[in-house]
Amino acid sequence: VIEDCPANSQINFDFLTSFSSLGETQEETYWDANYTTYLLLKDVKGFETLQPKIAPFMRNEMKGQNATVNFILEPFTKIHLYSEYESFVPNTSITYIYILAAVALLILSIACFTYINLSTARSMERAREVGIRKVTGAHKNQIFGQFISESALLSLIALILSIGVVLALLPAFNSFTGRSLSASLLFSPGVIGAALFITACIGLLAGSYPAFILSNFRPVKVLKGSFKNTASGIVLRKTLMVFQFVISVFLITSSFVVQSQLHYIQNKNLGYDRQHILVMPLDDKMSDNLKTIKTEFTSNPNVKSVCRAQNLPTEIVSGYNMRNEAMAENDQMAVTANRIDEDYIKTTGIQLIAGANFTQQDLKDIETDDQSKKKYHFILNESAAKVLGWTPQEAVGKKMFLDNSRPGIVKGVVKDFNFLSLHSPIKPLVLFTESWGRNMLVKISGENIPQTISYLESKWKTLIPYRPFEYHFLDEDYDRLYSSEMRLGNVMNLFAAIAIILACAGLFGLSSYAVQQRIKEIGVRKVLGASVFGITALLSKDFLKLLVISFFIAAPVAWFSLSRWLQGYSYRITMPWWVFLLAGLLLMLIAIITVSFRTIKAALTNPVKALRSE
């Protein structure tokens, strides 16, 4: 008994068994390299020198053969985020970590820009305070330090509040992302140090410009009341507002495109039916009794068919070699293959376009211990037939070899289907008969599902009493292939919403300030007959101009970034132009509502109140 592995470890298992207990599977052959091998090097620096030596070593080991096998080394600490190969637990792409970090940085930038905007906009309200402080002997550095300290204090308060929010929302976040992060991670020295450093940087960067502006006020002008916001300050606020809108348009567009690709993934015709298929474990003892199990299961009218397979149609990964009769014995091509029975195509709904399906006789033809008497039958996909130089119709009846140990006849050809994730193109595939498999697939009608599963469980306990009844739906395996994308889509939606809220908060603050600065102008315009709509349009047009500028900056940036992301899929959507327009119009509508809330209120105000001090 050993201690449980940490929750964040890529090695996660229920039990270990010795490799020597697997008996004949220890066969020393390079062609059956189906196991991940871990090497503990004597010297850490030996990694760089070992990899170049492997290829020459393997060529020498396989001398005399027309093909060779090579092995790729990966640092253990790089597997989870950088490897394209499977580990004990599903890997995560470092690309998605970078994307989420970049989005978080953009959100933080919006918050900083909002603080700078509002601080500089309110500078006139604090101008007299600065003037009095300077007259009473305060130095420029002291005033600068005061306002930087205010910014740093706000950042520190935000940090404390954010820790409380994180602790409160951590269970929901773990459920949202499918992770199991512990609250203790927040209080590790590394996280605390990084949080304090980021907080200090934000306080300094966000507070430095407002502090610089306020500390440079001339007390004579301020106390005479002749101080006004400078043109540079107005330009800065508009520039920062443009950046806020650019980030918001980018995030809204990204959210639309990510969701569109996810919708495409979930609804694409994969070439097989994954609906209402239960996956159950299969062992050798069950395989010997599979005919009885099928008969008992299908006696329920809601069970359509039952089959056996080595790999599920969602992810077929077993590697083999193949050649046709005209090719030399050592001239073989790599191919993916799957061991199935006669009901596999019926259960999965794969389309047979030439030839015939397997029969029970095809399975009996290989049920002999004499290898020379075994008769194999193969069904190819279109890509495999093409690679071997045949059309689907020409392939039927042709002799071929799946490795040299499996000579046989091509019995049929199926239409290409996606047996890997949509990140990968469809490759050559061979389906062949063999009385072994680790998965049993049960196709049900979709009606009375709870009762059907209950029926299967009762039969299972009768026929297979030595192991518990376990099952999951094939849909779950398919969704698991895109778990990272699903989480990315959810997080992008959340971040886009946060970005809009922050941008609107800044926009509302600036619009309120702009209205307050022009309150007397509004009063005069109303006295002269201006309508509420006219005043609202006048006050809103400057902000809408900034939004239009933002759109034309954000659209090409979003198009380039999202195009690069979509390149990771062999099967993907064509990015629609209307997504960018929709994102711009949505943000424009939100901006109009935000600005109008304050401007309409100002336009409805009695002009007497605004002009009575004149």
Side-chain angles (χ1 to χ4, degrees), residues 81 83-87 89-100 103 175-179 250-279 311-317 336 338 348-351 381-383 414-427 429 439 441 443 446 472-497 558-580 582-583:
L81 293 179
S83 179
E84 61 180 291
Y85 304 105
E86 289 184 336
S87 183
V89 297
N91 291 335
T92 299
S93 172
I94 188 64
T95 302
Y96 294 120
I97 304 297
Y98 288 147
I99 290 174
L100 295 179
V103 172
S175 175
F176 183 70
T177 59
R179 300 299 183 191
F250 175 81
L251 291 178
I252 293 173
T253 306
S254 300
S255 183
F256 275 128
V257 172
V258 169
Q259 291 301 324
S260 298
Q261 177 65 14
L262 291 177
H263 182 268
Y264 173 80
I265 288 172
Q266 292 169 331
N267 294 278
K268 183 183 184 299
N269 182 4
L270 302 169
Y272 64 89
D273 182 12
R274 65 179 194 272
Q275 301 293 327
H276 304 127
I277 294 181
L278 277 66
V279 180
N311 292 300
L312 303 177
T314 52
E315 193 172 20
I316 302 175
V317 294
T336 304
N338 195 18
T348 58
I350 298 171
Q351 183 180 351
N381 70 348
E382 293 173 289
S383 296
V414 295
K415 189 176 181 62
D416 277 346
F417 65 95
N418 293 94
F419 58 87
L420 293 171
S421 83
L422 298 184
H423 290 281
S424 305
I426 295 176
K427 300 175 182 179
L429 174 70
N439 294 295
L441 280 65
K443 175 70 175 179
H472 66 271
F473 284 94
L474 187 62
D475 265 340
E476 298 174 34
D477 292 287
Y478 182 75
D479 291 341
R480 200 173 294 117
L481 294 174
Y482 308 99
S483 57
S484 296
E485 287 88 344
M486 297 297 180
R487 286 195 294 269
L488 177 66
N490 293 334
V491 172
M492 287 300 296
N493 290 340
L494 178 62
F495 279 3
W559 180 86
F560 176 78
S561 303
L562 293 169
S563 296
R564 291 289 300 272
W565 178 71
L566 287 172
Q567 290 300 319
Y569 294 89
S570 294
Y571 304 92
R572 54 186 178 267
I573 61 170
T574 300
M575 203 181 316
W577 61 267
W578 54 263
V579 167
F580 301 94
L582 180 62

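Heavy-atom basis, side chains included; hydrogens, waters and symmetry copies ignored.
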**Student:** Side chains of R274 and P313, heavy atoms from C-beta outward: is any pair under 4.5 Å?
**Tutor:**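 Contact flag for R274/P313 side chains = no.
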**Student:** Can a donor-acceptor pair be found, under 3.5 Å and without considering hydrogens, that links the side chain of N338 to the backbone of N311?
**Tutor:**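 Yes.
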**Student:** Indicate yes or no for a side-chain donor-acceptor contact from S260 to the backbone of F256 under 3.5 Å, with no hydrogens or angles considered.
**Tutor:**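 Yes; at least one donor-acceptor contact below 3.5 Å.
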**Student:** In this structure, are over 12 heavy atoms from other groups packed under 6.0 Å from W565 atom CH2?
**Tutor:**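 Enclosed: over 12 neighbouring heavy atoms sit under 6.0 Å from CH2 of W565.
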**Student:** Surrounding NE2 of H472 (heavy atoms of other residues, nucleotides or ligands, distance under 6.0 Å), is the total greater than 12?
**Tutor:**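 Counting neighbours around NE2 of H472, more than 12 heavy atoms of other residues, nucleotides or ligands fall under 6.0 Å, so yes.
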**Student:** So, do T253 and W559 sit near enough that their side-chain heavy atoms are less than 4.5 Å apart?
**Tutor:**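 Side-chain contact under 4.5 Å: no.
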**Student:** Within the 4.5 Å heavy-atom criterion, are R572 and L422 side-chain neighbours or not?
**Tutor:**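 With C-beta onward as the side chain, the pair stays apart.
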**Student:** Do M575 and F580 have side-chain heavy atoms sitting under 4.5 Å apart?
**Tutor:**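 Yes, at least one pair of side-chain atoms sits under 4.5 Å.
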**Student:** Taking the side chain as every heavy atom from C-beta outward, state whether F419 and I350 have any atom pair closer than 4.5 Å.
**Tutor:**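 Counting from C-beta outward, F419 and I350 never come under 4.5 Å.
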**Student:** Evaluate the side-chain proximity of S254 to F495: yes if any heavy-atom separation is below 4.5 Å, no if none is.
**Tutor:**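 A side-chain contact is absent here, since even the closest heavy-atom pair is not under 4.5 Å.
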**Student:** Please name the pair of heavy atoms, one in V258 and one in G489, separated by the smallest distance, quoted to 0.1 Å.
**Tutor:**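 Smallest heavy-atom distance, with atoms named: CG1-CA, 3.6 Å.
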**Student:** Angle between ring planes, Y569 versus H423, binned at 30° and 60°: parallel, tilted or perpendicular?
**Tutor:**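 Correct class here is parallel.
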**Student:** Restricting to non-hydrogen atoms, name the atom on K427 and the atom on N381 that form the minimum distance, rounded to 0.1 Å.
**Tutor:**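 Looks like O-ND2, 2.9 Å.
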**Student:** Quick check: do K443 and D273 have side-chain heavy atoms less than 4.5 Å from each other?
**Tutor:**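 Yes, at least one pair of side-chain atoms sits under 4.5 Å.
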**Student:** Okay, side chain of N439, backbone of V279: is any donor-acceptor separation there less than 3.5 Å?
**Tutor:**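 No: the side chain of N439 does not pair with the backbone of V279.
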**Student:** Counting distance only, does the side-chain N/O of N269 pair as donor-acceptor with the main-chain N or O of G271 below 3.5 Å?
**Tutor:**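 Side chain of N269 to backbone of G271: a pair is present.
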